[in-house]
Amino acid sequence: MAAPASAAASPPPHHGLPDEIFIWEILVRLPPKALLRCRAVCRAWRSATSARDFLLSHHGRQPTLPLLHCYNFVGDEVGSLDIIPFDHRAGVVATDQLQSIARLGHAFFRPLASCDGLVVLTKNYARFSICNPATRQYAPLPLLSDFIFLGMYQHGPTGEYRLLLGPEAQDGCFVYTLGSDLPPRHVDIDCPDVEEEELIYPSGSVLFHGSLHLCIGNMIIAFNTTAESFCQMRAPVDPWGADLFEMEGMLGMSIYNDASTSIDIWRTQDYESEVWALKYRVELPVAEFGNFSKHLWVVVVSSDGDVLVLVKVDDRLLQIDVDGKMVASFHRRGLGPTRHRLKQTLVSHTLFPPLEGYLVNSLPFL
């Protein structure tokens, strides 16, 4: 009796489609977890989908989704954290909108930033770490323990991923290169109206037009990620507590009104001239849920331009449209929004191996 054919010699399981079409038109569009499962089908698929050019193309086709987190409780104690991209795209059924892509087994992790599939985590805002939820790579960042986290970006000239840090016991701002064993280096603020103590409490940041924009006190500060220098930007209103985001190719900002009964959404009409216009005023369901002053919100803009507001109220996450209508309500203990977006990647980042304590597919991942 003939021996069974090997995986390499077995016929492709896609009924006559050329491998090139199946790999570059179908597999390249799958989410990371599904793609990893497909690698087990045959050696040809595993080889093709592990190549760097394929992984870069695959990353480029992944959606950029709002990043949620969910604490999982064992009794009254937090046992783990789920990292969840909120897939609010049209056609996605409700059961698939909140799919966890990674679970971290230590309590009190919290996502602080995301860039190119990398996620910066903090424990009690005193200890920091970096991970890639898709590849399950993780490393602590002990050099940052004396700093305040401000933002994350990729430095264009070098391709390095860097963190912008604020002062805690020191003056000025600092830049740390991920993967380096050197301590963070000092950068001048260059904005005379910025008090250094205000940098300890930034209320929102977003990477837009090559600059990291931060709400600092009563102003917006833009940090040019190429020149690594600061400048001040005009805000339409006092941005304390505001959320910054990209909207229709422009910089957007959302903020509660004084009574916390609505959220005003502003957008730059002319970014270079710093001209803003009020785009929406979203009335919140105060009659049903009371005052919203203590509730965290985040504005979500889909690839189709639809604008939604996510608000955490007790054990619910409310999804509200710009007309103030509740589109959906997710009832799940520990579920909450962040002000970050995640675009998953299976590209292997070289910054991880040099970091002390680097792990892959191990704790804290479960």
Side-chain angles (χ1 to χ4, degrees), residues 63-73 78 81-90 92-100 110-114 201-206 213 215 235-248 251-267 278-342:
T64 301
L65 300 174
L67 179 61
L68 310 183
H69 66 272
C70 185
Y71 293 109
N72 302 302
F73 288 81
V78 176
L81 172 78
D82 280 342
I83 296 176
I84 303 173
F86 175 44
D87 197 343
H88 56 96
R89 294 174 295 170
V92 178
V93 298
T95 53
D96 291 337
Q97 288 185 318
L98 299 178
Q99 293 292 320
S100 173
R110 185 179 185 87
L112 272 184
S114 177
Y201 304 107
S203 60
S205 67
V206 67
H213 297 73
C215 292
V237 294
D238 187 336
W240 177 255
D243 176 28
L244 299 174
F245 52 93
E246 185 172 347
M247 180 180 184
E248 299 170 351
L251 183 63
M253 186 184 88
S254 64
I255 193 167
Y256 276 134
N257 68 344
D258 290 339
S260 299
T261 58
S262 66
I263 293 177
D264 289 343
I265 299 178
W266 296 81
R267 193 199 70 176
L278 181 62
K279 184 75 173 178
Y280 302 107
R281 175 161 288 162
V282 181
E283 300 295 334
L284 299 170
V286 176
E288 184 175 357
F289 295 100
N291 187 281
F292 277 72
S293 61
K294 296 181 180 179
H295 301 313
L296 175 66
W297 85 95
V298 62
V299 170
V300 174
V301 182
S302 73
S303 58
D304 298 327
D306 294 331
V307 178
L308 297 170
V309 177
L310 299 179
V311 187
K312 174 158 176 71
V313 179
D314 299 324
D315 287 341
R316 292 189 184 186
L317 184 65
L318 309 181
Q319 184 180 348
I320 302 169
D321 67 15
V322 292
D323 296 320
K325 297 178 182 178
M326 193 157 61
V327 177
S329 175
F330 303 95
H331 193 275
R332 184 171 170 183
R333 186 184 183 188
L335 178 66
T338 73
R339 290 175 172 175
H340 315 298
R341 280 72 172 166
L342 179 65

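Every value quoted in this text rests on a predicted model; they were computed, and no experiment measured them.
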Residues in salt bridge (Lys or Arg N to Asp or Glu O under 4.0 Å) with Asp238, at least two apart?
none
Do the non-hydrogen side-chain atoms of [X] and [Y] ever get within less than 4.5 Å of each other?
X      : Y      : result
Arg332 : Arg316 : no
Val206 : Leu251 : yes
Met253 : Val237 : yes
Leu278 : Pro236 : no
Val322 : Val307 : yes
Ile265 : Val299 : yes
Ser329 : Leu317 : no

Could you tell me which non-hydrogen atom of Leu81 sits nearest to which non-hydrogen atom of Pro111, and how far apart they are?
CD2-CD, 4.4 Å
When every non-hydrogen atom of Arg339 is compared with those of Gly241, the smallest separation belongs to NH2-O, 3.6 Å
State which residue, out of Asp264, Val282, Asp243, Val309, fulfils the side-chain contact (heavy atoms from CB on, under 4.5 Å) condition with Ser254.
Asp243
Backbone N/O of [Y] and side chain of [X]: donor-acceptor pair under 3.5 Å:
X      : Y      : value
Thr338 : Leu67  : yes
Ser114 : His340 : no
Glu288 : Leu284 : no
Lys325 : Val327 : no

Assess the residue pair Trp266 and Tyr280 against the criterion (ring-ring contact (aromatic ring centres under 6.0 Å, His included)); give the C-alpha distance rounded to whole Å, side-chain angles, the decisive distance to 0.1 Å, and a yes or no.
CA-CA 7 Å; Trp266 296 81; Tyr280 302 107; over 10 Å; no
Nearest 0.5 Å, please: how far is [atom2] in [Y] from [atom1] in [X]?
X      : Y      : atom1 : atom2 : value
Met247 : Arg267 : CE    : CZ    : 6.5 Å
His88  : Gln319 : NE2   : CD    : 8.0 Å
Leu68  : Lys312 : CG    : NZ    : 10.5 Å
Leu308 : Phe86  : CG    : CZ    : 7.0 Å
Ile84  : Phe330 : CD1   : CZ    : 10.5 Å
Asp82  : Leu98  : CG    : CG    : 10.5 Å

Could you give me the CA-CA distance, side-chain angles and deciding distance for Val78 and Asn72, then say whether side chain to side chain contact (heavy atoms under 4.5 Å, CB included) is met?
CA-CA 6 Å; Val78 176; Asn72 302 302; over 6 Å; no
With the threshold set at 4.0 Å, does a side-chain nitrogen-carboxylate oxygen contact exist between Asp314 and Arg333?
no
Is the shortest distance from a Lys or Arg side-chain nitrogen in Glu246 or Arg341 to a carboxylate oxygen in the other one below 4.0 Å?
no
Sorted by chain and number, sequence neighbours left out, ring pair (Phe, Tyr, Trp, His ring centres under 6.0 Å) with His69 holds for Tyr71
With sequence neighbours excluded, tell me which residues meet ring pair (Phe, Tyr, Trp, His ring centres under 6.0 Å) with Phe245.
none
Verdict with supporting geometry, Lys279 and Glu248, side chain to side chain contact (heavy atoms under 4.5 Å, CB included)
CA-CA 11 Å; Lys279 184 75 173 178; Glu248 299 170 351; 3.7 Å; yes
